[in-house]
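Read the structure below first, then the notes.
Each residue takes its place number in the sequence, starting with 1. Computed over heavy atoms, backbone and side chain alike; hydrogens, waters and symmetry mates excluded.
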Amino acid sequence: QVQLVESGGGLVQAGGSLRLSCTASGRIFNTNAMGWFRQSPGKERETVATINYSGGSTYYTDSVRGRFTISRDNAKNTVYLQMNSLKPEDTAVYYCAASAGWAEARLSSQYNYWGQGTQVTVAS
């Protein structure tokens, strides 16, 4: 069974930074894609950033490209999301996810395991 535990959310002023971490259990981590997703009230869950199994390929949604950086440390079974220049519209619950069958994946439907979510609130 794969378990994902997120940390690092919180309240920050606009323009500030936060770093989210997600630690995974199970051997799935080193061979599969990982991703960060977010959902705010009244909106559908959206892909924020994804990273392939090796860390050599990344994807960002347009609204965060240039401000957020996804990375992974396979030795620590951990994926990170560094968020800089945060905006109020980045406020959401952020979820870490792991894909069971894809080495690289951009769609939420390709992800099988999900963390409990961590709240990020950006004050204006």
Worked verdict on N112 versus S99 for side chain to side chain contact (heavy atoms under 4.5 Å, CB included): CA-CA 5 Å; N112 306 90; S99 176; 4.2 Å; yes
Is there a side-chain contact between [X] and [Y] in this structure, where contact means two heavy atoms from C-beta onward sitting under 4.5 Å apart?
{"X": "T58", "Y": "N52", "result": "no"}
{"X": "Y111", "Y": "T50", "result": "yes"}
{"X": "Y53", "Y": "N32", "result": "no"}
{"X": "T69", "Y": "Y60", "result": "yes"}
{"X": "V79", "Y": "C96", "result": "yes"}
{"X": "Y95", "Y": "S108", "result": "no"}

How far apart are the closest heavy atoms of [X] and [Y], and which atoms are they?
{"X": "M34", "Y": "A98", "answer": "SD-CB, 3.4 Å"}
{"X": "F37", "Y": "R106", "answer": "CE2-O, 4.5 Å"}
{"X": "Q119", "Y": "V93", "answer": "OE1-CG2, 3.2 Å"}

Cluster check [X], [Y]: I/L/V/M/F/W/Y, side chain < 4.5 angstrom:
{"X": "Y113", "Y": "V48", "value": "yes"}
{"X": "L4", "Y": "I70", "value": "yes"}
{"X": "W36", "Y": "V12", "value": "yes"}
{"X": "L20", "Y": "Y59", "value": "no"}

Would you tell me whether S25 and Q3 have side-chain atoms, one donor and one acceptor, within less than 3.5 Å of each other?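 Result is no, nothing qualifies.
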T78 side chain to S21 side chain, donor-acceptor N/O pair below 3.5 angstrom: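 S21 and T78 do not have a side-chain donor-acceptor pair below 3.5 Å.
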Provide the full list of salt bridge (charged side-chain N to carboxylate O under 4.0 Å, His left out) pairs with a residue in residues 44-60, sequence neighbours left out, each pair given once.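 Qualifying pairs, neighbours excluded: R38-E46.
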Would you tabulate the side-chain donor-acceptor contacts of residues 81-89 under 3.5 Å, counting partners in other chains and residues two or more places apart, or write 'none'?
residue, atom, partner, partner atom, Å
Q82, NE2, N84, OD1, 2.9
N84, OD1, S17, OG, 2.9

Check the pair V120 / T91 against side chain to side chain contact (heavy atoms under 4.5 Å, CB included), numbers first and verdict last. CA-CA 5 Å; V120 171; T91 295; 5.9 Å; no
Using modelled atom types and a 3.5 Å cut-off, is there a donor and acceptor pairing between side-chain atoms of Q39 and backbone atoms of Y94?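 No; zero donor-acceptor contacts below 3.5 Å.
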Nearest 0.5 Å, please: how far is OG in S57 from CD in E104?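 The CD atom of E104 sits 3.5 Å away from the OG atom of S57.
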